[in-house]
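Structure first, then comments.
Keep in mind that this is a model prediction, so the values were computed, not measured.
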Number of protein chains: 2
Amino acid sequence: MSLSDFELEVMQLLWELEEATAPQLHKLIAQRRPVKYTTVKTIIDRLEKKAALQRSRTEGRTIFYAPLTVKKDVRGSLLKDFINKVFLGKSQPLAAHILEEEELSIDDIEYLEKLLKERKQELQ
Amino acid sequence: MSLSDFELEVMQLLWELEEATAPQLHKLIAQRRPVKYTTVKTIIDRLEKKAALQRSRTEGRTIFYAPLTVKKDVRGSLLKDFINKVFLGKSQPLAAHILEEEELSIDDIEYLEKLLKERKQELQ
DNA sequence: CTTGCATAACTACAAATGTAGATATATGCT
DNA sequence: AGCATATATCTACATTTGTAGTTATGCAAG
């Protein structure tokens, strides 16, 4: 099951919030860029049809939605697609690209070094 | 300028081959999955309109196409978008995800360790 | 108990995308 | 020279996506 950019944006908020209403989600996204309530609601409806989220409870006639998909799973599958499409299926060039070009702090780097050391030990 | 999945697939081949004809590209892609010549040619035409590639020369009435965009630039901009959308703009969680979950050989790991060491030295 | 409003539900539409048919035409072969 | 064929060009169409208008309706306040 694939998510569009906008659908993913809504899911990111839901993963963060655990649950949320359409008006809440609209207000959050409207802080970033101008978008009408009905637009956000349409995206929520589509996510519901795709079973990426579900209605968790209501308050008055306002509906709360909660994620049905797990962030790590979705990220993992998006990453796999991305590596296939953009880096011809090879993770190493992507990792190299990030470690060389993307912004990383000293702490980030030391944490990543630790991960690599652990990874290497598993392989030996 | 954004590229669709199919457009990117054609560009990946062009970056590899330096230049190619529509029939060549069609044959290569058709090895992976069934697709008609005209479909591939449509994508090439769209890439030409987007100025991602250009006609480099002809042989008879067959046209050779060459990339106008640079692989590293396109990858960089796609990666930036991807990090923004999927990892909320933070490279470190993506790097961590890859170093933990994706397949890497000992050689890969040692190369990445070297990159990190160099990166750290630049920062200090 | 009515009514205005917030929210939900439904409908619409243009642009991008994957897909390919229909048509035109230059070239190389007989 | 005429013709078959490969290639190019043009047109079309369904689906997905972002975007939002229109309509329906339940609830809260007076």
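Rounding to whole angstrom units, NZ of residue B:Lys85 and P of D:dT17 are separated by 11 Å. If you take CG of B:Leu25 and C1' of D:dT7, they are 13 Å apart, rounded to a whole angstrom. The CG atom of A:Leu3 sits 13 Å away from the C1' atom of D:dT16 (whole-angstrom rounding). Atom-to-atom, CZ of A:Phe64 to C1' of C:dA8 comes out at 15 Å; the value is rounded to the nearest Å. A:His26 places its NE2 atom 14 Å from the C1' atom of C:dA8, with the value rounded to the nearest Å. C:dA26 atom P lies 7 Å from atom CZ of B:Arg61, rounded to whole Å. Distance A:Glu59 CD to D:dG26 P: 18 Å, rounded to the nearest Å. Taking atom CD1 of residue B:Ile63 and atom C1' of nucleotide D:dT9, one finds them 9 Å apart after rounding to whole Å.
Grouped with B:Val70 in a hydrophobic cluster is no other residue, since no side-chain heavy-atom contact under 4.5 Å to another Ile, Leu, Val, Met, Phe, Trp or Tyr is found. Other members of the hydrophobic cluster containing A:Ile109, listed by chain and number, are A:Leu99, A:Leu104, A:Ile106, A:Tyr111, A:Leu112, A:Leu115, A:Leu116, A:Leu123, B:Leu99, B:Leu104, B:Ile106, B:Ile109, B:Tyr111, B:Leu112, B:Leu115, B:Leu116, B:Leu123; membership follows side-chain contacts under 4.5 Å among ILVMFWY residues, whether direct or relayed.
Of the residues in residues 31-54 of chain B, B:Tyr37, B:Thr38, B:Lys41 come within less than 4.0 Å of DNA chain D through at least one heavy atom, sorted by number.
Here A:Glu102 contributes atom CD and A:His97 contributes atom NE2; the two are 6.0 Å apart, rounded to the nearest 0.5 Å.
Annotation for B:Leu3 and B:Met1: closest pair CD2-SD, 3.8 Å, computed over non-hydrogen atoms.
With a 6.0 Å radius and a threshold of 12 heavy atoms from other residues, nucleotides or ligands, B:Glu16 has its CD atom at or below the threshold.
The side chain of B:Phe6 lies closest to C:dG18 when the candidates are C:dA9, C:dA8, C:dG18.
Listed pair B:Ser4 / C:dG18 meets the phosphate criterion, a side-chain N or O lying under 4.0 Å from OP1 or OP2.
Aromatic ring orientation, A:Phe82 versus A:Phe87: tilted (interplanar angle from 30° to 60°).
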